[in-house]
Structure formats: C-alpha cells, structure tokens
Amino acid sequence: MSANWAEGTSVLEIVLVKAGRTKIRYESELLHDDGTRITVRAPWAGAGTRDFGFVRFEPGDVFTEHYWRDRWYAVKEVRDAEGVLKGWYCDITRPATRTGTELVVEDLDLDLWVSADAGRILRLDEDEFEASGLRDRDPEAASAALTALNDLEALAGAWAAGHDSSRLRHTGTPNHHEPAANTRRAFPPLGP
C-alpha cells in the first residue's frame, strides 16, 4: 500500500499496543508512506509532563515518528515547542501494520534514547522486557527485538563517533525547525 499526504490522506491514527492491550491512541499528520516506511508528525500525546531523568516530554513537544513494515523498531525525533531538537526516542516494536487511517504498532518493552548532541545513548527498559515473558511465549520475536536494539545502538554509536556534538552544544541547530545537516544524514536510519 502506498499513500502519501499529497494523495489526500493526511490524518493517521497511531495505536500503540503493549501486552495485548491498547496503551495509547492518538492522531497524527501523515507525512509519508512509501509502502515500507511511514512517517507521521504529532504533538506529545501523553498527559502532562513526563520526566525520564535524561529528557522531559511535555505539552508543546512535537514528535516526527518513523515506522517500518519490515523493521522491528520505530524512531521518533523529539523537538520542543520552539523546534529545538531534544533527541530520538526509539521503540523496539513488531513491524507496523496499516489499515486505512489506522497504524498499529506493538511495543516490545525495549527502548533506546539518543540525545541531540550525541552525548547520551541509553538502553532502556531491559528489565521490563525480561519480565514480559516474551522469550518464553515467542522466542523468535524476542530474538528479533534484541537484534533490533543492538542494531539501533550500533547505528547510534557510529553516528555519535562521527558527530561534532560541540557544534550543537555551543551554537544550537542552524535552523530550529530543521536538524543540522550531519544529523539528518546519519541518524535516524531512514532508508527503505
């Protein structure tokens, strides 16, 4: 299925499922769907502010979210209300499925955070993944999830090693609404 917002479909409802239940449902603006990768933009859909310690998600934040039908992860670029890049929150998921104006994504508990300045790459929720029982219920999915987390961490590490983080720390992003050129090329991995 290939559709993009120029063809008329501009709203896509994101349904995040975890452990068989809908965790959250929210509307997004469909930016791109090439049949493999789906890109949407949405405001922070959580209730109020969520402080993770390493980043705060809060009202006014804007997420540009990339989902794939053939990859076991989603990459979400996070910017504040002024357009300043906070970083990327990566969810380990089953490949996304789209039916009409609904995109369903199953969260597999593992996450990765990559800060805008490339200074922090954090593996998250490994304890939740272990407690989920996925290894016993679906060993192939558990293996795919761990491989996806390792692959994303390696991509982020390679990006960080070649990234001039001092440029972002000292001067900010050249245009607050667009990532720096080196950021756009290297992370997140957006190819088909």
Side-chain angles (χ1 to χ4, degrees), residues 1-5 9 12-20 22-26 28-42 45 57 62-79 85-116 118 120-126 128-130 132 134-135 137-163 179 182-192:
M1 168 184 245
S2 179
N4 63 39
W5 122 310
T9 304
L12 195 61
E13 187 168 30
I14 307 300
V15 181
L16 184 63
V17 176
K18 189 170 182 177
T22 298
K23 181 178 175 183
I24 191 167
R25 176 184 294 266
Y26 57 94
S28 68
E29 174 188 7
L30 176 63
L31 301 177
H32 176 81
D33 183 351
D34 65 9
T36 302
R37 179 173 50 98
I38 301 159
T39 302
V40 302
R41 183 174 298 127
F57 294 163
V62 176
F63 288 65
T64 301
E65 304 174 358
H66 306 276
Y67 300 94
W68 286 266
R69 290 176 172 95
D70 64 351
R71 295 185 190 178
W72 287 71
Y73 57 80
V75 176
K76 301 171 181 181
E77 179 187 270
V78 185
R79 292 180 176 270
L85 180 64
K86 291 184 175 187
W88 294 270
Y89 196 90
C90 307
D91 286 320
I92 304 304
T93 67
R94 289 184 189 269
T97 57
R98 179 176 175 191
T99 305
T101 60
E102 186 175 86
L103 183 71
V104 178
V105 184
E106 183 180 349
D107 186 341
L108 298 177
D109 294 306
L110 295 169
D111 302 295
L112 186 77
W113 170 254
V114 181
S115 64
R120 294 186 92 178
I121 300 170
L122 304 172
R123 292 171 74 112
L124 306 170
D125 303 329
E126 290 176 296
E128 288 181 29
F129 176 77
E130 291 304 326
S132 75
L134 186 64
R135 285 185 197 264
R137 282 191 328 275
D138 191 343
E140 288 180 28
S143 177
L146 289 167
T147 297
L149 179 64
N150 292 334
D151 289 351
L152 273 174
E153 185 177 34
L155 287 167
W159 172 75
H163 183 71
N182 60 343
T183 303
R184 181 180 293 246
R185 282 193 311 269
F187 195 85
L190 297 178

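If you're wondering where the values come from, they're calculated on a predicted model, not measured in any experiment. Residue indices begin at 1 and follow the sequence shown. Heavy atoms only: backbone and side chains are in, while hydrogens, waters and symmetry mates are out.
Atoms NE2 and OG1, on H32 and T39 in that order, are 5.5 Å from each other to the nearest 0.5 Å. A distance of 11.5 Å separates CD in E128 from CD in E130, rounded to the nearest 0.5 Å. With rounding to the nearest 0.5 Å, the separation of CG in D107 from CD1 in I24 is 11.5 Å. Of the inter-residue distances, the one linking I38 atom CD1 with E65 atom CD reads 11.5 Å to the nearest 0.5 angstrom. Note that OG1 of T64 and CD of E29 are 9.0 Å apart. Values are rounded to the nearest 0.5 Å. Note that the NZ atom of K23 and the CG atom of L16 stand 5.5 Å from one another [nearest 0.5 Å].
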L30/T101 under side chain to side chain contact (heavy atoms under 4.5 Å, CB included): CA gap, chis, key distance, verdict: CA-CA 9 Å; L30 176 63; T101 60; over 6 Å; no
Test side chain to side chain contact (heavy atoms under 4.5 Å, CB included) applied to V105 and D91, step by step: CA-CA 10 Å; V105 184; D91 286 320; over 6 Å; no
Pair Y67-V40, side chain to side chain contact (heavy atoms under 4.5 Å, CB included): steps then yes or no: CA-CA 8 Å; Y67 300 94; V40 302; 4.0 Å; yes
Step-by-step side chain to side chain contact (heavy atoms under 4.5 Å, CB included) determination, V104 to E106: CA-CA 7 Å; V104 178; E106 183 180 349; over 6 Å; no
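Judged purely by atom type and a 3.5 angstrom limit, T147 uses its side chain to pair as donor or acceptor with the backbone of S143. The closest donor-acceptor contact from the side chain of R98 to the backbone of G100 lies under 3.5 Å. Judged by distance alone, with hydrogens and angles left aside, the side-chain atoms of S132 form a donor-acceptor pair with the main-chain N or O of F129 at under 3.5 Å. Between the S28 side chain and the L12 main chain, a donor and an acceptor come within less than 3.5 Å of each other.
In this structure, L110 and L108 have side chains that are not in contact, with every pair of non-hydrogen atoms separated by 4.5 Å or more. Under the 4.5 Å side-chain criterion, counting only non-hydrogen atoms from C-beta, T97 is not in contact with T99. Put simply, the side chain of C90 reaches to within 4.5 Å of the side chain of V75, judged on heavy atoms. Under the 4.5 Å side-chain criterion, counting only non-hydrogen atoms from C-beta, D151 is not in contact with Y73. Contact annotation: the side chain of L112 approaches that of R123 to within less than 4.5 Å [non-hydrogen atoms, C-beta and beyond].
The two residues V114 and A156 make their nearest non-hydrogen contact at CG2-CB, 3.7 Å. Shown here for L103 and A96, the closest heavy-atom pair between the two residues is CD1-CB, 3.8 Å. What you find for S115 and W88 is that their closest heavy atoms are O-CZ3, 3.9 Å. Shown here for D109 and D125, the closest heavy-atom pair between the two residues is O-CB, 2.9 Å. The two residues D34 and R37 come nearest to each other via the heavy atoms OD1-N, 2.7 Å. For the residue pair A116 and W159, the shortest heavy atom distance occurs at O-CH2, 3.8 Å.
Using cut-offs of 30° and 60° for the angle between ring planes, the W113 and Y89 rings count as tilted.
In summary, K76 and D111 do not engage in a salt bridge, as defined by a charged side-chain N under 4.0 Å from a carboxylate O. A salt bridge is defined here as a Lys NZ or Arg NE, NH1 or NH2 lying under 4.0 Å from an Asp or Glu carboxylate O, and R94 with D138 meets this definition.
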